[in-house]
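Down below is the structure, laid out as structure tokens.
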Number of protein chains: 2
Amino acid sequence: MKVGLDKTTIIEMAANMADEKGIANVTLKVLAAELGVKPSSLYKHFNGGLGELNKELMLYGWHSLEIEITKAAIGKAKDDAIMAICYAYRNFSAGHKGLFEAMQWYNMYRSEEHLQATQGMVSVFFQVLDSYELSEEQKVHIVRMFRGFLQGFSSIESHGGYGNPLSINDSFDFALKTILNGIHDLQEGMEK
Amino acid sequence: MKVGLDKTTIIEMAANMADEKGIANVTLKVLAAELGVKPSSLYKHFNGGLGELNKELMLYGWHSLEIEITKAAIGKAKDDAIMAICYAYRNFSAGHKGLFEAMQWYNMYRSEEHLQATQGMVSVFFQVLDSYELSEEQKVHIVRMFRGFLQGFSSIESHGGYGNPLSINDSFDFALKTILNGIHDLQEGMEK
DNA sequence: TACAATGGCTAATATGATTAGCTAAAAGGA
DNA sequence: TCCTTTTAGCTAATCATATTAGCCATTGTA
């Protein structure tokens, strides 16, 4: 006894399990077994039980993603920076399917903490957009556009929703460039 | 007894319940209660139990969405048609939050039928894109781009994920126009 | 009318989450 | 060192839901 667990260890194990079997298969039963402990013992770390664990997974996921895209943006500017963070986002979702699910699933209908959790990522986008000639409003629109596109595209790709044999990588690249072109047009508009 | 249920009635009731309380709260217990029947009776209609019900909801949702966007495209061409089907998609997700969840949740890690289910919608996109000067490859990329954007944007919006007070409607409109601008650039490229 | 299929029911079982209450190990201070 | 408190585990019990088995009335049809 006295395995010596702590919240972080449990969350990381749960995240790995989610990536392997899908978030729906992360039960307290199997998680506890994996950790060498009884299910009820997990309540010593997560008072709120499974619900709280899922919330923590969500927070952990967004935090990890924030770190990844921040690293990706270092030393880059403008389109290069955008491309880099978008690719980092997509790579993250591909490498952490289960965790990425948790980031979206939890709090589907109660989003206070979810909203906080995504702020870090949003800030990175805004910083990168500062190097463009855009109004504040336009920046908000653009960040929303990228968030929507990235979440949807990654989610569909992760779950095998793009059936056509054409390279999904090419589609991603194409889409980013198309969006960036659209943004360039805006800037030309402003300079006039 | 002999309430006289059939699959369609049950699915529609389940869809309504999902829209009201979220898909996670559609249990056989409460669904049966709502239908004036015992939970076990539902197995006479859905051999596969809750899992099958969820699958049916998913299929029903994509089918309904296909109908909506098809109607929206009638009598329109090019950008007008694209805008119309995108708005129809977004309106659908806003009006059917729970069903829209079901469309994405079910089969997260088993996507054969899911893939079939989305084909109708994909076809509508392709038809609309036929009025543009684009290669087949480009069309595939573009459909993937729109699907990603629409699913992500709608999902984030539905769950209150866009915190900024700026109009989400404006953001949606802005994003569509930006993407369309990007696509126009492509066409100019081809004409050269 | 007989009789097969249908759609409902009750009762029993399984699985997983959760709670209550117990206890040994660890931590820390006199 | 010894006492005390907290912590992190355990067992046993409870609850909720899904699911299965088997019974029975209604319906619809030869």
Side-chain angles (χ1 to χ4, degrees), chain A residues 1-60 98 101-102 105-110 113, chain B residues 1-60 98 101-102 105-110 113:
Chain A
M1 21 194 98
K2 280 284 178 184
V3 178
L5 295 178
D6 68 337
K7 243 175 164 162
T8 307
T9 309
I10 300 175
I11 291 170
E12 283 170 356
M13 174 68 87
N16 287 338
M17 280 190 37
D19 290 340
E20 284 164 25
K21 333 189 205 181
I23 187 67
N25 295 310
V26 175
T27 64
L28 292 186
K29 182 188 175 109
V30 48
L31 178 60
E34 203 70 32
L35 292 162
V37 120
K38 299 294 170 187
S40 58
S41 302
L42 294 176
Y43 286 81
K44 287 283 147 71
H45 302 279
F46 297 91
N47 254 286
L50 189 57
E52 190 184 340
L53 173 66
N54 283 325
K55 187 185 74 184
E56 294 293 344
L57 273 177
M58 182 273 287
L59 295 170
Y60 173 73
E101 277 183 327
W105 280 36
Y106 181 76
N107 267 357
M108 282 308 231
Y109 274 100
R110 0 152 211 173
E113 284 173 293
Chain B
M1 16 193 102
K2 280 283 178 182
V3 178
L5 295 178
D6 69 336
K7 246 177 160 160
T8 306
T9 309
I10 300 175
I11 291 169
E12 283 170 357
M13 175 67 87
N16 287 338
M17 280 190 35
D19 289 341
E20 282 165 25
K21 334 188 204 181
I23 187 68
N25 296 312
V26 176
T27 63
L28 291 187
K29 184 190 174 109
V30 49
L31 178 59
E34 204 69 32
L35 292 162
V37 121
K38 300 293 170 186
S40 59
S41 302
L42 295 177
Y43 287 81
K44 287 282 147 74
H45 303 279
F46 298 90
N47 254 285
L50 189 57
E52 189 184 341
L53 173 66
N54 283 324
K55 186 184 76 183
E56 294 295 345
L57 274 177
M58 182 272 287
L59 295 171
Y60 172 73
E101 277 184 326
W105 282 34
Y106 181 76
N107 267 356
M108 281 309 230
Y109 275 99
R110 359 148 215 176
E113 284 172 292

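Letters A, B, ... are given to chains in the order of the sequence lines, protein chains preceding strands, and every chain is numbered from 1. For the numbers below, each heavy atom of this structure counts, side chains included, while hydrogens, waters and symmetry mates do not.
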Under-4.0 Å side-chain N/O to phosphate OP1/OP2 contact, H45(B) with dG8(C): yes
From T9(B) atom OG1 to L35(B) atom CG, the distance as rounded to the nearest 0.5 Å: 8.0 Å
Closest to the Y43(A) side chain, choosing from dT10(C), dT19(C), dT19(D): dT19(C)
Base dT10(C) paired with S40(B) side chain (donor-acceptor, <3.5 Å): yes
Value in whole Å for how far the P atom of dA8(D) lies from CG of L35(A): 14 Å
Rounded distance (nearest 0.5 Å) linking atom CD of E56(B) with atom NE2 of H45(B): 13.0 Å
Separation of M58(A) CE from I11(A) CD1 (nearest 0.5 Å): 11.5 Å
Side-chain N or O of K44(A) closer than 4.0 Å to phosphate OP1/OP2 of dT7(D): no
Gap between atoms CG and C1', on L5(A) and dG9(D) respectively (whole Å): 9 Å
For atom NZ of K38(B) and atom P of dA12(C), their distance in whole Å: 15 Å
Nucleotide dT18(C), atom P - distance to CD of E52(A) in whole Å: 11 Å
Atom pair distance, as rounded to whole Å: CG in N47(B) and P in dA21(D): 11 Å
Other residues, nucleotides, ligands: >12 heavy atoms within 6.0 Å of K7(A) NZ: yes
Rounded interatomic separation in angstrom, taking CG from L31(B) and C1' from dA16(D): 16 Å
Euclidean distance, I10(A) CD1 relative to M17(A) CE, rounded to 0.5 Å: 12.0 Å
d(CG, L42(A); P, dT19(C)) in whole Å: 13 Å
Closest to the L28(B) side chain, choosing from dG8(C), dA17(C), dT19(D): dT19(D)
Spacing between L53(A) atom CG and dT18(C) atom P, to the nearest angstrom: 10 Å
Distance below 4.0 Å between S41(A) side-chain N/O and dC10(D) OP1 or OP2: yes
Nucleotide of dT19(D), dT17(D), dG9(D) approaching K29(B) most closely (side-chain heavy atoms): dT17(D)
